[in-house]
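As structure tokens, the structure follows; a few thoughts come after it.
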There are 2 protein chains.
Amino acid sequence: MPEHAPLSRDRVLRAAVDIADEGGIAAVTIRAVAERLGVKPMSLYHHVPHKEAILDGIVDAVFAEIELPLDEPDWRAALRHRAHSARTVLGRHSWAIALMESRTHPGPATLHHHDAVLGILSRAGFPYALAGHAYSLLDSYVYGFALTEAALPFAPQDVEIAVGDHLAAFPAGAYPHLAEFATHHVLQPGYAYGSEFDYGLELILETLATRLAGTTRP
Amino acid sequence: MPEHAPLSRDRVLRAAVDIADEGGIAAVTIRAVAERLGVKPMSLYHHVPHKEAILDGIVDAVFAEIELPLDEPDWRAALRHRAHSARTVLGRHSWAIALMESRTHPGPATLHHHDAVLGILSRAGFPYALAGHAYSLLDSYVYGFALTEAALPFAPQDVEIAVGDHLAAFPAGAYPHLAEFATHHVLQPGYAYGSEFDYGLELILETLATRLAGTTRP
DNA sequence: ACCTGAACACCGTTCAAGT
DNA sequence: ACCTGAACACCGTTCAAGT
């Protein structure tokens, strides 16, 4: 049984990520992590100073999963790849989005991630100011989209039923634009919120390309 | 003393918001809310079914604070105003950003907010598809920026000191692009991460305006 | 109707004790 | 060195009892 491999910070973090994926961040308790590892709660404290460190650690572990195409010469392709990967990873571990807000101790994977993205912008010839704009805009968009997607009041696959139920529960005429938008757009066959991601991403990348073309490094 | 006004769902939610503002979302416990209201923990259950309902309620209360300029004829001005207000409100209650991810029961203020934004887009002549793109993009950006800003590993006012410390703690050369970007841009006088918000917002609004000009309602 | 005391099954964490 | 049992000060919530 791999359960009895020696305990380590890494095994603690992996168990915590698995528990969060299955039951949300609230399910991550010292006692639950210990039980999954076949160990007593107190044993964890020999590998991790306190629960906060576990939370910092699993956020950093999530960042480590995001792919960074370091050998991609085309900056737009590289940033597109990073954005898609970030969205996939954050979709798989949606508890991590909420956790980011309160974690102000970036780990090595997080710092490496930021370093790599700045490297892509630098090699593409973005002046510092424009690189700052680009990074802020792209990051905000990607994390924000993941947040919005996670907060949808229904699972993406049953939009029709869920939105229908929601609308039926509304006081008649209380949210006219919402009702109109739902019936004429969201409830139409073929609609999927997820596909909005690419529209926004491409709009941002295209506009940044235009602005890059109009500058030179100072 | 207003402490002895009759208890109500509203007073419970207001107390919960105040506690979250002061001590973060973890400080919001049934017992703490009760104590602030000068009442015993069990009394809250006569006005709120369980703690989850308090969390749903305070997220909705935060949405209610965001200003919606319903009488502004210029759609860009209206959306700009909404975005600035959302950012201010989410900055004041940064715990709410994290909470949004797990709240899938939108309250009346949240629904009214979405309805109003869709109304602005509709009156501006956005076809359904473009309205969907615009809303997704703007919302993702605004929430994502608030999230990113809240997650900064230092208070905005002491970037210089904090970033300096962080860089000093790095293994030499471990994050070269980050170090270069920090010394040549972030640490320069006059830099403030907060001012990135307007760059991204205006880029999005401008590009949406261009795309709106190229469409007609189907 | 609204409020509450006691109790239950949980938390994270300390400390002293085991190997 | 690594692991653990017992204990402490907390949680949210049920239930029966008070006004």
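Numbers restart at 1 for each chain; the letters A, B, ... are given by sequence-line order, proteins then strands. Remember, predicted model here, so these are calculated numbers, not experimental data.
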Can you measure [X] atom [atom1] to [N] atom [atom2] for me and round it to whole angstrom units?
X       : N      : atom1 : atom2 : value
A/Arg11 : D/dC2  : CZ    : P     : 14 Å
A/Arg31 : C/dT14 : CZ    : C1'   : 13 Å
B/Lys51 : C/dC11 : NZ    : P     : 14 Å
B/Lys40 : C/dT4  : NZ    : C1'   : 8 Å
A/Met42 : D/dA7  : CE    : P     : 14 Å
B/Glu35 : D/dC10 : CD    : C1'   : 13 Å
B/Ile30 : C/dT4  : CD1   : P     : 14 Å
B/Ile25 : D/dC11 : CD1   : P     : 14 Å

**Message:** Show the nearest heavy-atom pair for residues B/Glu22 and B/Arg36, with the distance to one decimal.
**Reply:** OE1-NH2, 2.7 Å
**Prompt:** For D/dA6, what is the paired nucleotide under Watson-Crick or G-U wobble rules, both distances under 3.5 Å?
**Reply:** C/dT14
Are any of [X]'s side-chain N or O atoms less than 4.0 Å away from OP1 or OP2 of [N]?
X       : N      : answer
A/His50 : C/dT14 : no
B/Tyr45 : D/dT13 : yes
A/Ser43 : D/dC2  : no

**Complete:** Between B/Pro41 and B/His46, the residue closer to the 5' end of DNA chain D by nearest nucleotide is B/Pro41
**Request:** Would you please indicate yes or no on a ring centroid separation below 6.0 angstrom for B/His112 and A/Tyr175?
**Result:** no
**Message:** Under 6.0 Å between ring centres: does that hold for B/Phe197 and B/Tyr141?
**Reply:** yes
**Asked** How about A/Arg92 and A/Glu65: do any of their side-chain heavy atoms sit closer than 4.5 Å?
**Response** yes
